[in-house]
Amino acid sequence: MQKSPIHPFSATIMAWYVEHQRELPWRQTKDPYAIWLSEIILQQTRVAQGLPYYERLLAAFPTVRDLAEAPEALLLRLWQGLGYYSRARNLQKAAQMVMRDFAGDFPRTYDEIITLPGVGPYTAAAIASFAFNEAKAVVDGNVFRVLSRVFEVETDIVSSSARGVFTSLAQSLIPSEDPAGFNQSIMEFGALQCTPAPDCSVCPLRVSCAAFSASRVAELPVKSKKTKVKEIQMDYLVIEQKGQLLVRERTENGIWKGLWEFYLIEGSLEWLPFPRQTLKSPPVHQLSHRKINCEAWHVQVPDNFDLEIPAGYGWMSPTEFESKGKPVLLLNLITDNLDCPILQDISPAYL
DNA sequence: AAGTCGGGGAC
DNA sequence: GTCCCAGACTT
């Protein structure tokens with residue numbers, strides 16, 4: 001088998017990487033479990049935001065067995081504040097699959113790794129290359145940006161064909177000698193040098209970058225879609241009786257599944273004949289796909305009143321509620337109303 | 001192919 | 001305000 005010479009692009013970014021790489025903990029290990037954990041955390045998440053979660057989760061669950069056997073509620077509490085909570089649920093499903101289907105030994109090939117829930121083409125390529133040096137090119141947001149500019153690829157990165165186009169290109173550039181180094185290099189290059197608004201004056205690819213030569217750096221990559229934001233209302237009653245709170249787990253599919261919340265007002269609340277004290281409303285909770293307006297009230301139910309418990313809800317002590325994962329919206333609600341005594345007993349800390 | 005799913009940082 | 005981040009899953 002003939003060894004193809006390394007492409008100038010690959011040589012340049014890999015040399016750049018040697019000089020400019022950040023020291024990140026998941027780059028110091030070959031443990032596929034730790035690498036997998038880091039990749040799930042970093043999906044659609046900046047390094048700075050994910051880093052403390054990686055340290056904390058790896059300390060709490062040092063092995064895939066520890067993760068597989070953990071209570072899901074604990075995992076979601078540790079994931080609190082990171083968002084995309086299905087990542088955490090899939091993470092544990094995958095850990096249990098590794099224990100059951102792979103005898104506790106993390107799968108070693110791209111084709112096996114991608115069968116794990118929560119692991120798609122990007123993550124499987126990342127794990128296979130970083131942990132096992134399999135020559136599978138990663139394609140993430142950084143790779144779209146770098147390759148679209150350097151080679152002036154105008155394929156809309158939102159289109160269904162984009163992944164195939166960019167994967168083929170990246171795969172043609174990956175050197176068989178060091179797939180892991182190439183993958184790390186191109187992503188780090190996109191994260192630090194070829195950023196959305198780059199400083200091309202210090203770029204080592206300046207002379208060979210097609211977009212720079214054509215003064216089209218700002219136009220690439222092409223991305224057509226713009227997500228529209230729906231505005232919704234979520235009002236809460238902090239219902240208290242005998243030092244307990246009326247709360248529930250969000251079990252339905254959708255936003256915040258697996259997290260816990262106070263009594264959510266969906267329609268009218270005529271069923272509750274008690275005075276309410278207005279709580280300070282958190283500012284508008286802005287998500288990438290939702291704009292959530294929130295109002296909240298505190299209700300003290302007399303000890304001797306036999307309240308009819310709404311379906312799905314139950315009484316819980318503030319201490320136990322603290323141990324559950326909660327949306328940041330609720331953490332903000334708690335933080336903003338610490339003059340309400342029962343809310344003082346719920347630590348609003350993320351970590 | 002389009003929609004859903006969080007939260008936050010950079011500009 | 002806009003963009004997008006080491007994307008994957010559902011419909």
Side-chain angles (χ1 to χ4, degrees), chain A residues 21-22 24-27 35-54 76 79-91 93-94 113-130 136-146 156-163 166-167 170 180 182-192 194-199 218 221 223-230 232 250 252-259 282-292 325-332 350:
Chain A
Q21 64 169 296
R22 294 166 289 183
L24 300 172
W26 43 85
R27 289 181 180 157
I35 291 169
W36 165 59
L37 178 61
S38 77
E39 292 301 338
I40 300 299
I41 288 172
L42 291 172
Q43 286 170 3
Q44 293 292 287
T45 303
R46 295 175 184 281
V47 166
Q49 186 185 5
L51 193 46
Y53 287 87
Y54 172 78
L76 285 169
W79 202 272
Q80 175 174 279
L82 194 52
Y84 284 153
Y85 297 94
S86 65
R87 289 183 295 175
R89 301 193 306 272
N90 282 331
L91 193 69
K93 284 183 198 157
I113 293 168
I114 203 172
T115 66
L116 299 173
V119 175
Y122 162 75
T123 303
I127 300 169
S129 63
F130 298 157
K136 281 283 190 179
V138 294
V139 177
D140 72 337
N142 292 307
V143 176
F144 280 135
R145 191 167 53 250
V146 172
D156 186 347
I157 63 172
V158 173
S159 70
S160 56
S161 60
R163 175 159 294 280
F166 284 91
T167 299
F182 173 83
N183 281 340
Q184 293 281 15
S185 297
I186 191 170
M187 286 195 290
E188 192 79 334
F189 189 77
L192 299 183
C194 196
T195 58
D199 177 7
K223 186 180 181 186
S224 64
K225 184 176 57 179
K226 41 202 101 180
T227 56
K228 53 187 170 212
V229 178
K230 285 185 192 169
I232 61 175
R250 296 179 60 91
E252 68 274 23
N253 287 329
I255 189 170
W256 299 333
K257 183 180 182 183
L259 302 190
V284 171
H285 196 65
Q286 189 72 53
L287 305 176
S288 51
H289 65 307
R290 292 283 185 276
K291 177 181 178 181
I292 306 177
K326 295 169 287 295
V328 167
L329 171 61
L330 254 72
L331 299 178
N332 290 335
Y350 290 30

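Quick note on labels: first sequence line is chain A, next is B, and so on, each numbered from 1.
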How many Å lie between CG on A:Leu91 and P on B:dC5, as a whole number? 20 Å
Determine whether a donor-acceptor pair (one donor, one acceptor, N or O, separation below 3.5 Å) exists between the side chain of A:Arg46 and the base of B:dA10. no
Starting at atom CG of A:Asn142, determine the distance to atom C1' of C:dA6, rounded to an integer number of angstrom. 7 Å
Side chain of A:Arg27, heavy atoms from C-beta onward: which of C:dA6, B:dG7, B:dT4 has the nearest atom to it? C:dA6
Could you work out which one of B:dG7, C:dA8, C:dA6 sits closest to the side chain of A:Gln49? B:dG7
Any donor-acceptor pair under 3.5 Å between the side chain of A:Ser288 and the base of B:dG6? yes
Rounded distance in Å - CG (A:Leu82) to C1' (B:dC5): 13 Å
Given C:dA6, C:dA8, B:dG6, which nucleotide is nearest the side-chain atoms of A:Gln43? C:dA8
In whole angstrom, what separates A:Trp26's CH2 from C:dA6's P? 10 Å
Between A:Leu259 and A:Thr227, which is nearer to the 5' end of DNA chain B once each is assigned its nearest nucleotide? A:Thr227
Once you apply a heavy-atom cut-off of 4.0 Å, does A:Gly190 come out as touching a base, just sugar-phosphate, or nothing? nothing
Quote, to the nearest angstrom, the C1' distance that separates C:dC4 from B:dC5. 15 Å
Interatomic distance where CD1 belongs to A:Ile114 and P belongs to C:dA6 [whole Å]: 20 Å
Got a donor-acceptor pair under 3.5 Å from the side chain of A:Thr45 to the base of B:dG6? yes
Give one of base, sugar-phosphate or nothing for A:Arg145, where a contact means two heavy atoms less than 4.0 Å apart. sugar-phosphate
Strictly distance-based, threshold 3.5 Å: is any side-chain N or O of A:Arg87 a donor or acceptor partner for the main-chain N or O of A:Ile41? yes
Counting only N and O atoms by type, is there a donor-acceptor contact under 3.5 Å from the side chain of A:Ser159 to the main-chain atoms of A:Asp156? yes
Just checking A:Lys257: base, sugar-phosphate only, or nothing, at a heavy-atom cut-off of under 4.0 Å? nothing
Are any of the side-chain nitrogens in A:Glu252 or A:Lys257 under 4.0 Å away from the carboxylate oxygens of its partner? no
Sugar-phosphate, base or nothing in reach of A:Ser86, heavy atoms under 4.0 Å: nothing
Can a side chain N or O of A:His289 be found less than 4.0 Å away from OP1 or OP2 on B:dT4? no
Please say which of A:Ile232, A:Ile255, A:Val229 ends up in a side chain to side chain contact (heavy atoms under 4.5 Å, CB included) with A:Leu287. A:Ile255
What contact category does A:Val119 fall into here, base, sugar-phosphate, or nothing, at under 4.0 angstrom with non-hydrogen atoms? sugar-phosphate
Taking the nucleotide of DNA chain B with the nearest heavy atom to each, does A:Val158 or A:Gln44 sit closer to the 5' end? A:Val158
Expressed in whole Å, how much space separates the P atoms belonging to B:dG3 and C:dA6? 25 Å
Looking only at the side chain of A:Arg87 (C-beta and beyond, no hydrogens), which of the listed nucleotides B:dG7, C:dA6, B:dG6 gets closest? B:dG6
Touch class at under 4.0 angstrom, heavy-atom based, for A:Ile157 against every strand present: nothing
Say whether A:Gln43 and A:Tyr122, considering side chains only, have a donor N or O and an acceptor N or O under 3.5 Å apart. no
Would you say B:dG6 has OP1 or OP2 under 4.0 Å from some side-chain N or O of A:Arg290? no
With heavy atoms under 4.0 Å as the rule, sort A:Ser159 into base, sugar-phosphate or nothing. nothing
Closest-nucleotide ordering on DNA chain C, the 5'-leading residue of A:Gly141 and A:Asn253: A:Gly141
Distance check needed: C:dC9 C1' versus A:Asn90 CG, whole Å only. 8 Å
Which nucleotide in B:dG7, B:dC5, C:dA6 has an atom nearest any side-chain atom of A:Val328: B:dG7
Determine the Euclidean distance between corresponding P atoms of C:dA8 and B:dG8; express it in Å to zero decimal places. 22 Å
A:Trp26 ring center within less than 6.0 Å of A:Tyr54 ring center: yes
Roughly how far, to the nearest 0.5 Å, is CD1 of A:Ile127 from CG of A:Leu116? 7.0 Å
Which nucleotide sits closest to the side chain of A:Lys230: B:dT4, C:dG7, B:dG6? B:dT4
In whole Å, I'd like the distance from the OH atom of A:Tyr122 to the P atom of C:dA8. 8 Å
Can you check whether A:Trp79 has a side-chain N or O nearer than 4.0 Å to OP1 or OP2 of B:dG7? no
A:Tyr84 OH to B:dG3 P: how many Å, rounded? 15 Å
